[in-house]
Amino acid sequence: MESVAELHKHIDELSSAIDVQLEVLKSLEKRRSDARRALNSRLDPVARLPLELSTEIFMLCTPDFPRTVFAEEPLKFLHVCHFWREIAVSCPSLWTGMHINEARPMDPEFYEACSNWLERASPLPLSISLHASVDVPLGVLLNRFAGRIARLELYIPDDSCLYGAQWEVPFPSLQTMEIFFSCKEAGEDSVMSDDSDFDVDNFYDSCIDLLLGAPSLVECIFNSIQYAPDLERDREVHTSLRHLWLGRPSVYSYQSWNSANILLYLKLPALETLHLSDLDISPGDFVSFFSESGCAASLQALYMKISNNDEWHFSSDLLSLCFRPFAALKTLEFFHGIEHDFMLFIEVLGSAQDFLPNLNHFFLHGYFGKPSHWKALLDMMLSRGSARNGSLQSVKVISRNIPNGMDPDAGVLLLRIRELVKEGMSIYVGTLHTNLI
C-alpha cells in the first residue's frame, strides 16, 4: 500500500501531466481555429475581394442613419470571423451614425459600447440621434466627441434632460441640429398646461446656448417647444445659421407646432430660410428680428402659419412693414384661413410689382368658398406671371373643398391661366387631389 506521501506525489505527477495535455489541447484547438480561418479565407468570396469593395458591400448591408447601438448591423460583422471583423473595424463609415433610443443610467457596458462605436468612426464626422434622457454619463460622452459631431438630434422627454447634461465644450463641427420636445404630442392643441412642471425658460436657455455653442451650424430645427414668457437674456448673434425650422409643415398646416418666441433672442445675419409654424410674436417683434439680424434683404424662403393672433390681421400698412423688406424672397408659403387677410395679400401682390419683386414660388393653404376669391387669385397670377421682372414660376393653392358656384371649365380667366400653363408656368389650384386649372 502506498504511503500518504507517495499518493501526494502521484497526484502532483498526474496534475502536471494533465496541465501538459491541456496545453497540447489548447495548441491543437488554436491550430484548428487557424486552419478553419484559412479555409474560410479561401472559400469566403468577401475575402477574395479588394478591401474597398468589401467595405462597400458592408455599407450597402447597413441601414442608413440612424443606426441603433446593439442592433444587428454593423455589430454582427464583428462576430462572423476574424477577417470580417478586420474589415468592419477598418471601415470608419460603418460607425459614423449612432442612434440611442433608451439610455441606461450607470450601465458601464452600454457606455463602453457607445464609446467604442464612435471611436471606430475616427476621424470622420459623426451623426448622433438620442431618443432618451441625456444623463450625466451620456452628456460626458457627447462632450468627449463634441469636436466631431456634425449632426445631432435630441428627442427630449422633459426639460431637465437637456440643461442637466451641462455642455462643457462647444460643438465646432456641428452643422445640423434638431431638438424635439417629445413629452407632448405635436400640434397646437397639445400645449402644456400652466401647472405643468416643465420649465420652458430653462429649456429655451439651454436650446439657445447649444445653438450658440455650434459656430458652424447651418440648419437648426426646433419641434414642439412652447412660448417662454419669462426668459431674460439679450439678443445674441449666430453668423452661420442659414435655415431655421420652428415646427415642420404638412399638407394643410404644420404637423408639429413650435413657438416663434426664440426669434426674440437671436440675430441671424446669414438666414436664408425660415419656417414659422405659429406666428405667436407681434409684427413689431417680427420686424425687429429681421432688422437687427440684417437678413431681410437676403432671405430666400419664408414659410409661415398665421392663426389665433389678432395682431396679425392684415392691412396695407402691415403688409408693407412686414413683407416689403424681403426684396430677394423667392419662395413664400402661407397657411392662413382668414378671408380678409389672404384676399388683401393676393390683391397687393397682384397690383404692386415692387412688392416681393423676385417672388418665384407662391403657395397658399386655406379655406376658399367664393368665386371672388378665385378671381382675385387668377388676376394676381396673370399680373405677376406676365411681368418681365420677378415673374412667378409656380403657384399652388390648396383648399379643403372646391368652391361652390365655379365651373372649372368656364370663364375667360381660366382660359388665360391655362395659357400661362402652356407657356411653362406651374399652376395648381384646388383641393389636395383635384387641380382646377
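Here the structure is a predicted model, which means the values were calculated and not measured. Residue numbers run from 1 in the order of the sequence given.
Partners of Glu292 by salt bridge (Lys or Arg N to Asp or Glu O under 4.0 Å), not counting sequence neighbours, listed by chain and number: Arg235. In this structure Arg242 satisfies the salt bridge (Lys or Arg N to Asp or Glu O under 4.0 Å) test together with Glu272, sequence neighbours excluded. Residues satisfying the salt bridge (Lys or Arg N to Asp or Glu O under 4.0 Å) test with Glu311, not counting sequence neighbours, are none. With sequence neighbours left out, Phe363 forms a ring-ring contact (aromatic ring centres under 6.0 Å, His included) with no residue at all. Under the ring-ring contact (aromatic ring centres under 6.0 Å, His included) criterion, Phe323 pairs with Phe334, Phe345, not counting sequence neighbours.
Ring-plane geometry between Tyr303 and His275 is classed as parallel, the angle between the planes falling under 30 degrees on a 0 to 90 degree scale with a further cut at 60.
A donor-acceptor pair under 3.5 Å is absent between the side-chain atoms of Asn360 and the main chain of Thr331, judged by distance alone. Put simply, the side chain of Arg233 never gets that close to the backbone of Tyr265: no donor and acceptor are under 3.5 Å apart. Side chain of Trp312 to main chain of Asp280: no donor-acceptor pair is present (N/O by atom type, distance under 3.5 Å, no hydrogens or angles). A donor-acceptor contact shorter than 3.5 Å links the side chain of Ser293 to the backbone of Phe289. Remark: the backbone N or O of Ser173 is not paired with any side-chain donor or acceptor of Ser216 at under 3.5 angstrom. Checking side-chain atoms of Ser288 against main-chain N and O of Gly284 turns up no donor-acceptor pair under 3.5 Å.
Leu154 contributes atom CG, which lies 10.0 Å from atom CZ of Phe222 (distance to the nearest 0.5 angstrom). Going from atom OG1 of Thr273 over to atom CG of Leu329 covers 9.5 Å, rounded to the nearest 0.5 Å. In this structure, CZ on Phe286 lies 12.5 Å from CG on Leu264, to the nearest 0.5 angstrom.
Proximity of Leu263 to Asp285: side-chain heavy atoms (C-beta onward) are nowhere separated by under 4.5 Å. Looking only at side-chain heavy atoms (C-beta outward), Glu178 and Asn223 come within less than 4.5 Å of each other. Side-chain contact check for Glu347 versus Asp379: every heavy-atom pair is 4.5 Å or farther apart. In this structure, Ile128 and Leu118 have side chains that are in contact, with non-hydrogen atoms separated by less than 4.5 Å.
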Test log, rule side chain to side chain contact (heavy atoms under 4.5 Å, CB included), inputs Arg120 and Leu94: CA-CA 8 Å; Arg120 295 186 189 109; Leu94 284 173; over 6 Å; no

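Between the side chains of Glu333 and His361, no donor N or O sits under 3.5 Å from an acceptor N or O. Inspection of the Trp95 and Glu119 side chains reveals no N or O donor paired with an N or O acceptor under 3.5 Å. A donor-acceptor contact closer than 3.5 angstrom links the side chains of Gln353 and Ser383.
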Under 3.5 Å donor-acceptor pairs involving side-chain atoms of residues 419-426, not counting sequence neighbours:
none

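Leu217 pairs in a side-chain contact (heavy atoms from CB on, under 4.5 Å) with only one of the listed residues (Gln175, His243, His238), which is His238.
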